[in-house]
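In what follows, chains are A, B, ... by sequence order, proteins preceding strands, each numbered from 1. Nothing here was measured: the structure is a model prediction, and the numbers come from that model.
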Amino acid sequence: MPPKRKATVSARGVGSAKRLASGTATPRSRSIGSSDEYTEDGEYGNGSEADGPPPAEERRRVSNIQKAVKAMSVENLKSRGKGPTKSKHEATASIGFSNLSYLDLKPDHEKRPLWVDAKTDKIILENFSPFASRAKDFLTTIAEPLSRPAYLHEYRLTSNSLYAAISVGLEAEDIVDTLDKFSKTPLPEETRNFIMNSSKAYGKLKKVLKNSKYYLETPENSILQELVQDAVISAHLVSSSKDIITEKAVKKGPAVIPGTREAAGLIQQVDRQNNAQSDGGPSGHANDAGAGKDDEMFLATLREEDDDEDEDQKHIHSVEILRDSASLERVIERCWEMGYPVLEEYDHENDEKNATLDINTTSKTRLRDYQETSLRKMFGNSRARSGMIVLPCGAGKTLVGVAAACTIKKGTLVLCTSSMSVVQWRQEFLKWSNIDPDDIAIFTAESKQKFSRSTGIIVSTYSMVTQTRSRSYDAQKMMDFMTEREWGLMILDEVHVVPASIFRKVTGQLYTHCKLGLTATLLREDDKISDLNLLVGPKLYEANWMELSQQGHIATVQCAEVWCPMTTEFYQEYLREKSRKRGLLYVMNPRKFQACQFLIDYHEKRGDKTIVFSDNVYALQSYAKKLKKFFIYGGTGQVERMRVLENFQHSEVVNTIFLSKIGDTSLDLPEATCLIQISSHYGSRRQEAQRLGRILRAKRRNDEGFNAFFYSLVSKDTQEMYYSAKRQAFLVDQGYAFKVISHLNGIENLPGLAYSTAAERRELLQDVMLQNEESWGVEQIQDDLFSGRSAHPKGKVTALAKKGPKRTAGMLSDLSGAQDMAYIEYNKSRNKELKVQTKHNPLFRKIERDREKRKAARLEQLKEVRSMR
DNA sequence: TACAACGTAA
DNA sequence: CAATATACGTTGTA
């Protein structure tokens with residue numbers, strides 16, 4: 001049995017955060033309140049550097065990388081191993097890898113691109129090696145990419161990644177041999193054993209759906225015997241059928257993915273199989289200078305695979321699992337623990353029971369290389385394998401989904417996060433495939449269609465499917481329709497949301513043979529991301545952002561972090577304030593506002609379309625109002641939203657809009673080319689990546705020398721610095737370099753620069769400081785009004801009560817105030833005022849509700865404690 | 001339109 | 001360190 005290893009998808013952030021912290025790329029001043037950087041008059045402390053990438057910064061970055069590379073050299077490693085403990089520690093900390101000095105180098109190590117560290121199962125790739133591109137293809141197949149910046153890439157071998165490799169058709173021996181070939185040192189024994197042992201049982205155990213029942217299936221009876229003995233597993237099996245069912249196996253042929261060149265008859269069958277393995281990188285290998293004997297040998301190794309038409313697979317043994325999602329999940333998890341990863345495969349070609357859907361990609365549809373590669377991983381051996389495909393925003397995830405559906409040709413279910421993307425998915429299906437519009441239906445609150453024929457596609461949202469409360473009649477009808485049939489494929493858009501407690505129910509509620517998860521950011525800040533392995537399947541493919549942008553599939557982005565010093569007044573208050581208000585202070589920092597104004601002006605003059613993001617609604621509104629730009633946030637009505645977006649895309653006048661986190665996901669604005677972040681949610685890596693994604697599909701990306709811009713405005717010497725480092729971790733792993741700009745050239749000369757006098761700044765500060773208290777005051781007033789009113793009988797309160805809400809509304813618009821007040825401002829109509837008389841104020845109802853909830857929870861706990869005694 | 005319920009963050 | 005508090009966003013239903 002292989003040693004137990006925890007799947008490590010969620011661990012990726014840890015390493016990168018450490019790397020960032022320990023520095024090298026951009027030196028950061030983290031010293032909150034260090035007075036040497038902060039000058040009294042609020043001027044920029046080190047304003048000597050020029051606009052754009054400061055050369056000094058750049059040089060330091062490069063030299064740091066060279067240092068890191070040097071640190072990996074033989075001499076260094078050898079000497080360090082014998083050196084004092086302290087330097088050993090330094091080495092480990094500064095690069096983030098463990099000491100490799102105990103390894104013996106092969107004589108021709110310089111040509112070989114890999115370091116393999118047996119202790120951490122990490123593999124380090126020297127991306128500057130002539131063989132790097134080949135090694136990369138291989139590594140993405142067998143290991144998890146942890147980080148892929150410019151020079152040193154980091155991968156990790158996990159049981160999960162090996163399992164993915166084996167299920168694509170590689171064999172353990174091939175992996176070991178090839179790894180050894182690329183490695184600078186002889187492959188460590190532990191690593192060799194790990195690969196051989198853990199892959200022994202891989203691909204042997206499958207979860208299959210037959211007649212709306214789930215089974216565990218394997219060709220090796222002994223495995224099943226062992227599993228049935230296990231207490232956990234047997235508890236979740238259908239008790240009546242604990243006996244093992246044995247059947248004859250069915251033979252199958254290879255699959256063809258529509259939309260590929262091969263489907264168009266351009267490539268021979270034989271070549272295809274080789275390509276599937278060796279052509280992993282979209283770049284191809286034509287530009288490999290160092291191609292030589294080694295290459296030939298390497299390619300030969302890879303070609304050998306795939307003749308695993310196993311003759312011994314004559315019988316299949318299976319047991320039935322209980323149907324609820326918890327049981328399914330537990331059984332699969334337990335099998336993993338016992339060393340038998342469960343594969344979910346769908347033999348769609350031989351499925352006679354479910355009707356075949358008439359769908360194909362249109363003749364014009366051509367998949368890009370990387371899309372093809374990802375699909376090959378899914379349809380590796382003529383069956384459809386469940387799993388996840390990770391592609392950056394704007395890289396055509398939808399097309400991958402459509403192509404997958406076209407390959408399986410069975411009833412398909414698409415689940416997305418919002419009803420907006422539901423409509424988009426349907427449009428994409430109609431665009432890329434020849435599906436009959438009658439066969440593709442939408443299931444949302446507004447529209448509950450069905451397809452008329454025996455099978456088809458339904459697009460819906462997660463919340464629609466996982467509704468716990470009562471449903472409308474139509475919705476219930478529709479759910480019944482969906483739960484009682486078997487689906488060939490379920491596409492899970494934005495799959496990173498699935499592990500949430502509610503959404504994970506979908507996998508148990510709906511019968512699907514195969515699941516495909518799509519996402520750009522396989523990240524959550526909690527530890528639930530690894531649950532996806534059990535819920536949908538392994539990660540089949542993850543694209544490299546840098547490579548896609550080099551090939552022009554997504555825009556090239558210049559990322560910059562603009563350091564804005566706090567003004568004296570603001571910083572004093574910042575130091576004094578606790579917690580909540582601090583955030584407001586560093587967002588409203590006048591220097592930040594000026595930087596924002598300057599950048600907007602600069603990019604408008606260049607003809608860019610700019611989006612400004614702010615999480616804080618107060619800041620959003622005051623920035624936008626001061627700069628006279630449009631803004632959209634949660635409280636903005638649907639009509640207003642559409643109007644602003646329409647104008648932004650097509651009008652020459654509207655070149656800048658402000659968005660709250662409403663714009664983080666599923667907003668398609670191909671016009672946008674520049675992005676400024678003024679406030680963001682703590683250290684959310686996912687948010688950062690998704691915001692960057694807004695400009696990746698820029699229409700103009702293929703123009704000569706085109707660059708999109710991504711700015712993060714950060715108030716210097718505040719907590720923001722720390723968060724911003726965390727946020728960037730993911731993008732840095734993807735290879736993005738953040739430049740630090742500490743002075744914007746020419747900002748002093750910008751006409752109409754806001755807050756340029758101390759008086760103005762003081763006024764702003766007062767507004768900001770008042771903001772919280774006033775909003776508190778308003779609450780008090782409402783409380784008074786509310787309690788006063790409710791004391792009176794309904795009819796009597798007329799004039800006085802009517803004045804109440806109006807007065808608060810007036811105060812609010814003056815202060816452009818607290819977030820909760822959006823409600824009042826939008827409810828100025830007479831109707832509302834009358835309603836307020838009879839109804840409790842929503843704010844207080846909510847508070848009351850929450851209080852009750854907490855009380856109930858406490859009582860519940862008390863009861864539990866008592867019953868335990 | 002209001003409400004309820006939920007997700008996402010450190 | 002965990003559970004909690006919080007603000008903002010979303011959805012579907014009445």
Side-chain angles (χ1 to χ4, degrees), chain A residues 13 17 415-422 443-448 460-476 478-479 494 496-505 521 523-529 579-584 587 613-621 632-638 641 659-667 679-688 690 719-720 722-723 726-727 772 775 818-824 826-829 831-832 834-836 838-843 845-847 849-854 857-858 861:
Chain A
L415 296 179
C416 354
T417 45
S418 77
S419 51
M420 223 156 85
S421 22
V422 168
F443 177 38
T444 56
E446 297 105 57
S447 131
K448 298 170 182 75
S460 184
T461 64
Y462 289 107
S463 43
M464 208 66 211
V465 175
T466 53
Q467 190 70 250
T468 43
R469 290 162 301 126
S470 67
R471 298 168 186 277
S472 65
Y473 177 76
D474 284 346
Q476 189 55 52
M478 192 68 181
M479 265 314 281
E494 311 287 350
H496 56 265
V497 306
V498 171
S501 55
I502 284 292
F503 292 151
R504 65 197 311 158
K505 285 198 285 194
T521 46
L523 285 174
R524 289 171 71 96
E525 302 301 326
D526 59 23
D527 54 359
K528 291 206 179 122
I529 204 77
S579 65
R580 188 134 272 117
K581 220 176 214 177
R582 287 190 139 188
L584 202 58
V587 176
F613 275 108
S614 163
D615 251 24
N616 185 312
V617 175
Y618 171 73
L620 182 85
Q621 291 185 337
I632 301 179
Y633 72 109
T636 314
Q638 204 61 44
R641 286 186 199 188
L659 299 178
S660 71
K661 54 183 168 194
I662 199 177
D664 284 0
T665 44
S666 59
L667 199 58
S679 121
S680 37
H681 197 124
Y682 300 102
S684 167
R685 293 168 289 160
R686 188 195 48 77
Q687 189 184 45
E688 188 97 345
Q690 267 171 344
Q719 287 169 316
E720 249 188 332
Y722 164 73
Y723 289 136
K726 284 192 86 167
R727 292 170 62 80
N772 271 350
S775 67
Q819 292 80 352
D820 290 312
M821 295 314 134
Y823 167 72
I824 307 257
Y826 274 89
N827 294 306
K828 271 187 250 174
S829 74
N831 272 341
K832 293 296 109 40
L834 288 171
K835 247 187 181 167
V836 171
T838 57
K839 283 210 168 189
H840 289 226
N841 184 299
L843 194 74
R845 297 209 13 185
K846 185 163 179 357
I847 289 170
R849 220 166 41 229
D850 288 348
R851 209 182 285 142
E852 295 241 331
K853 246 193 251 168
R854 254 171 281 143
R858 263 200 304 272
Q861 270 188 350

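Between K661(A) and D615(A), the closest heavy-atom pair is CB-OD1, 3.4 Å.
The side chain of R686(A) contributes an N or O atom lying less than 4.0 Å from OP1 or OP2 of dA9(B). Contact check, S660(A) against dG9(C): a side-chain N or O comes under 4.0 Å of OP1 or OP2. One finds no side-chain N or O of S418(A) lying less than 4.0 angstrom from the OP1 or OP2 phosphate oxygen of dT10(C). Within the 4.0 Å cut-off from OP1 or OP2 of dG12(C), at least one side-chain nitrogen or oxygen of T461(A) is found.
Among residues two or more places apart in sequence or in another chain, the side chain to side chain contact (heavy atoms under 4.5 Å, CB included) test is passed with V465(A) by L415(A), S460(A), M479(A), M482(A), V506(A), Q509(A), L510(A). Taking E688(A) as the reference, Q677(A), R727(A) meet the side-chain hydrogen bond (donor to acceptor under 3.5 Å, both in side chains) condition, with sequence neighbours excluded.
Out of dG9(C), dA9(B), dT13(C), the shortest distance to the side chain of S684(A) is found at dA9(B). Picking from dT13(C), dG9(C), dT10(C) the nucleotide with the shortest atom distance to the side chain of A475(A) gives dT13(C). Side-chain proximity of V497(A) to the nucleotides dA9(B), dT8(B), dT13(C) is greatest for dT8(B).
Whole-Å rounding puts the D615(A) CG to dT8(B) C1' distance at 10 Å. Taking atom NZ of residue K661(A) and atom C1' of nucleotide dA7(C), one finds them 6 Å apart after rounding to whole Å. Atom CZ in R685(A) sits about 13 Å away from atom C1' in dA10(B), given to the nearest Å. One interatomic measurement links the two molecules: OH of Y633(A) to P of dT10(C), which rounds to 12 Å at whole-angstrom precision. Between E494(A) atom CD and dG7(B) atom C1' there is a gap of 14 Å when expressed in whole angstrom units. Across the protein-nucleic acid pair, E688(A) atom CD and dA10(B) atom P stand 12 Å apart, rounded to whole Å. For the pair Y462(A) OH and dG12(C) P, the computed distance is 14 Å after rounding to whole Å. Separating the CD atom of Q687(A) from the P atom of dA10(B) is a distance of 10 Å, rounded to the nearest angstrom.
Side-chain contact between F443(A) and V422(A): absent, with no pair of heavy atoms (C-beta onward) separated by less than 4.5 Å.
Here Y723(A) lies in heavy-atom contact (under 4.0 Å) with sugar-phosphate atoms only.
Of the inter-residue distances, the one linking L620(A) atom CG with I632(A) atom CD1 reads 9.5 Å to the nearest 0.5 angstrom.
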